[in-house]
Amino acid sequence: MGLLGGIKNMVMKILNIQPAAVTTINILEPLSYEANVLRNRLWYRGEPSELDQFFKQSVVDMVSRSRFWAAVPSAKLNIRKMHSGLPSIIADTLAKIVVKDLNTINFDKQDIEELWEEISEDNKFQKLLKKSIIETLVTGDGAFKITIDTDITEYPIIEYFGGENVDYTIQRGRIKEVIFYTDYNFKNKNYRLVETFGYGYIKNQLITDNGTEVPISTIPDTADLQDVSFKGNFMMAVPMKFYDSPKWDNRGKSIFDNKTDAFDGLDEVISQWIDAIRAGRVQKYIPEDLIPKDAGTGKLMEPNPFDNQFLKIGGSLQEDAKNEINIIQAQINYEAFIESYANALDMCLQGIISPSTLGIDLKKKDNAEAQREKEKTTLYTRGDIVDTLSEVLPMLLNTVLKANNTLAKKDPGDDEEISLDFGEYAAPDFENRVDTVGKAKLNGIMSIEQCVEQLYGDDWTDEEKAAEVERLKEEQGMIVADEPKVPDNPETNIEDSLGANLNG
């Protein structure tokens, strides 16, 4: 035992420190992977009735029981539960930004580019790409499935399946198979088609609710499916995810994960706000003998909570009493509700998207530069999506081209060189660029060529920018002189020049 070990034991004996006992802590996950995906999908769907049913049925502990959407009111009390619709707005906006910024898909070969344009048009690829981004943001991951059906089209068919309908076979951290699930109902029985896409093959299975495998021809929708093998070391499926899940290995993370309490709190603030507005309407206290009566029956009119709300009071028998209608309106603290709404909204958007991206400006005083600074969170999220698409889309396009060659009974071929060109987001507008570039030019730190490039960038062709540079130089009186010629024999030419000058 060394000196340090002896000192350690001496300290323990002096302080009488007892080592901590090894204890087992059991933690029950509130939701399975499928239930977690369902919850995120319901947030995106944004139907209050569905949210209310889900959270009431998924209560497993005090945390889930205390949420606003899981609250069960008493029989005499009705709570109006409102949903903000914010989750769907976030996912749709992010997908719209990325798809809009995808300028071009570049190919090295012209014939390949023309072929892809035909396949893209046949599959409506722009809409499919937007859908795939939304599905991945909501469910956490998913996969493109490429199939061939000559009865429908002469081109490969591209589909996208969300996280709950996809599974993976992983070997040493690499995806070896992508498994797609499709549910069918035939004669009041549920069936699930399991399609396993691997390198060089596709296998099909049909199973029932209890997991029993039945012949693939059991239902008409799958009767014509057959197992397929093809040449080439590629898989007709391309998985995609933007973030890694901390809960489930090899699965993706939704942008709605860890935001359930924030969304729930925002909906509670909005619901309380609207409830306070409804409860704070003008109250009419009407003596019984002054209550309006039905013209036909003579009965007292019943109060209505919207257009004819009043409270009945009894008449007074005092000598000097006056029966009169009293109108009272409650005071609503709107500033407190607005502040609570702003704070709850911030918690929902933190780390995902900037409020200004959604058109939300709570301060109403920010200039253009401050607005662009607020876009940074959106830029980070957009950057993560763009980085993933820059890897996934070339892989997808190459897989589609190989599937097309397989359809034409050709060799799948090698991967093509494919690159994506994304534009800039939240870049300064033209007026601000003119101001910035103009100051740099006046200070002598930027050339005319660079000024034109910074102002017009990809909006102008190289010929248009060159013509603009030449025009600006002419207008500013810049003379472009020819390069002086250096004579082969400087001494002889100098003497000839001097002689010519003297003779002159």
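In this text, all values refer to a predicted model and were calculated from it rather than measured experimentally.
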### Task
First locate atom CD of Glu335, then atom CD1 of Ile338, and finally report the distance between them rounded to the nearest 0.5 Å.
7.0 Å
#### Entry: Side chain Asn123, main chain Ile158, donor-acceptor under 3.5 Å
yes
### Query
For the residue pair Phe125 and Trp116, does the interplanar ring angle fall in the parallel (under 30°), tilted (30 to 60°) or perpendicular (over 60°) class?
perpendicular
### Exam field: side chain Lys259 to backbone Met347, donor-acceptor pair closer than 3.5 Å
yes
### Query
Tell me, do Ile202 and Thr196 make a side-chain contact under 4.5 Å, heavy atoms counted?
no
#### Entry: Asn36 and Asp257: side chain donor to acceptor below 3.5 Å
yes
### Query
Can you list every pair that meets side chain to side chain donor-acceptor pair (under 3.5 Å) and has a residue in residues 230-245, with sequence neighbours left out?
Lys241-Asp244, Tyr243-Asp384
### Pair Asp61-Ser64, side-chain donor/acceptor within less than 3.5 Å
yes
### Task
With the side chain counted from C-beta on, respond yes when Thr357 and Ile97 share a heavy-atom pair under 4.5 Å apart, and no when they do not.
yes
#### Entry: Ile353 side chain near Thr381 side chain, heavy-atom distance below 4.5 Å
no
### Query
So does Asp92 pair up with Lys96, basic N to acidic O under 4.0 Å?
no
### Enclosure of Glu47 CD (heavy-atom neighbours >12, cutoff 6.0 Å)
yes
### Task
Start with the C-alpha distance between Leu393 and Leu129, add both sets of side-chain angles, then the distance that settles side-chain contact (heavy atoms from CB on, under 4.5 Å), and finish with yes or no.
CA-CA 9 Å; Leu393 288 187; Leu129 179 60; 4.0 Å; yes
### Message
Regarding Thr260 and Arg39, do their side chains bring together a donor and an acceptor under 3.5 Å, going by distance alone?
### Response
yes
### Query
Got a second to check how far Ser419's OG is from Asp108's CG, nearest 0.5 Å?
7.5 Å
### Query
Rounded to the nearest 0.5 Å, how far apart are NZ of Lys145 and CG of Asn165?
10.0 Å
### Over 12 foreign heavy atoms within 6.0 Å of CD, Gln226
no
### Message
Closer than 3.5 angstrom, by distance alone: can the side chain of Asp227 be matched with the main-chain N or O of Asn204 as a donor-acceptor pair?
### Response
yes
### Task
Can you measure from CG (Leu345) to CD1 (Ile360) and round to the nearest 0.5 angstrom?
4.5 Å
### Task
Assess whether side-chain contact (heavy atoms from CB on, under 4.5 Å) is satisfied between Ile352 and Leu94, documenting all intermediate values.
CA-CA 9 Å; Ile352 301 177; Leu94 287 172; 4.2 Å; yes
### Message
Can you tell whether the side chains of Lys247 and Glu29 come within less than 4.0 Å, N to carboxylate O?
### Response
no
### Pairs meeting criterion ring pair (Phe, Tyr, Trp, His ring centres under 6.0 Å) with involvement of residues 79-101, two or more places apart
Trp43-His83
### Pro156 versus Val400, closest heavy-atom pair with distance
CG-O, 3.8 Å
### Query
side-chain contact (heavy atoms from CB on, under 4.5 Å) between Ile157 and Ile148: does it pass, once the steps are laid out?
CA-CA 6 Å; Ile157 299 173; Ile148 296 173; over 6 Å; no
### Message
Are the side chains of Ile418 and Ile112 in contact, using a 4.5 Å heavy-atom criterion?
### Response
no
### Query
Is it true that atom CD of Glu118 has more than 12 heavy atoms of other residues, nucleotides or ligands lying nearer than 6.0 Å?
yes
### Task
Look at atom NZ of Lys56 and say whether more than 12 heavy atoms of other residues, nucleotides or ligands are closer to it than 6.0 Å.
yes
### Query
Does Thr378 reach the main-chain N or O of Ser354 with its side chain, forming a donor-acceptor pair under 3.5 Å?
yes
### Summary
In short, Ser84 meets Asp267 closest at the heavy-atom pair N-OD1, 3.0 Å
#### Entry: Check: Arg251 main-chain N/O paired with Asp141 side-chain donor or acceptor under 3.5 Å
no
### Task
Please round to the nearest 0.5 Å and tell me the distance separating atom CG of Leu401 and atom CZ of Phe107.
6.5 Å
### Query
How about Glu177 and Tyr201: does a side-chain donor come under 3.5 Å of a side-chain acceptor?
yes
### Task
Determine whether Lys100 and Gln126 make a side-chain contact, defined as any pair of heavy atoms from C-beta on separated by less than 4.5 Å.
no
### Message
Counting neighbours of CD on Gln450 that are heavy atoms of other residues, nucleotides or ligands and sit closer than 6.0 Å, is the number greater than 12?
### Response
yes
### Query
Salt bridge between Asp275 and Arg80, side-chain N to carboxylate O under 4.0 Å?
no
### Query
For the residue pair Val98 and Phe422, what are the closest heavy atoms and their distance?
O-CE2, 3.9 Å
### Message
I want to check something: taking the side chain as every heavy atom from C-beta on, are Val269 and Met82 in contact at a cut-off of under 4.5 Å?
### Response
no
### Query
Considering all heavy atoms of both residues, which atom of Ser254 and which atom of Val138 are nearest to each other, and what is their separation?
OG-O, 2.6 Å
### Query
Is the shortest distance from a Lys or Arg side-chain nitrogen in Arg471 or Glu468 to a carboxylate oxygen in the other one below 4.0 Å?
yes
### Query
For Arg45, does the CZ atom sit with more than 12 other heavy atoms under 6.0 Å from it, leaving out its own atoms?
no
### Query
Does a donor on one side chain sit under 3.5 Å from an acceptor on the other, for Thr139 and Tyr44?
no
### Query
Is the shortest distance from a Lys or Arg side-chain nitrogen in Lys109 or Glu114 to a carboxylate oxygen in the other one below 4.0 Å?
no
### Message
Using 0.5 Å steps for rounding, measure from the OH atom of Tyr160 to the CD atom of Glu135.
### Response
7.5 Å
### Summary
Only residue of Thr147, Ile146, Val178, Val228 satisfying side-chain contact (heavy atoms from CB on, under 4.5 Å) with Met236 is Ile146
#### Entry: CG (Asp111) with more than 12 external heavy atoms under 6.0 Å
yes
### Message
Using a strict threshold of under 4.0 Å (side-chain N to carboxylate O), is an ion pair present between Glu449 and Lys473?
### Response
yes
### Message
Is the shortest side-chain heavy-atom distance between Asp122 and Glu154 below 4.5 Å?
### Response
no
#### Entry: Close side-chain approach of Phe242 and Ile255, heavy atoms under 4.5 Å
no
### Query
Applying side chain to side chain donor-acceptor pair (under 3.5 Å), which residue pairs with at least one partner in residues 402-417 are found, sequence neighbours left out?
Lys402-Asp415
### Summary
Here the pair of heavy atoms bringing Leu86 nearest to Cys348 is CD2-CB, 3.6 Å
### Task
Could you tell me whether Phe197 and Phe180 have their ring centroids closer than 6.0 angstrom?
yes
### Full working for side-chain contact (heavy atoms from CB on, under 4.5 Å) between Val392 and Phe144
CA-CA 10 Å; Val392 171; Phe144 291 95; 4.1 Å; yes
### Query
Shortest non-hydrogen contact from Lys81 to Trp69?
NZ-O, 3.3 Å
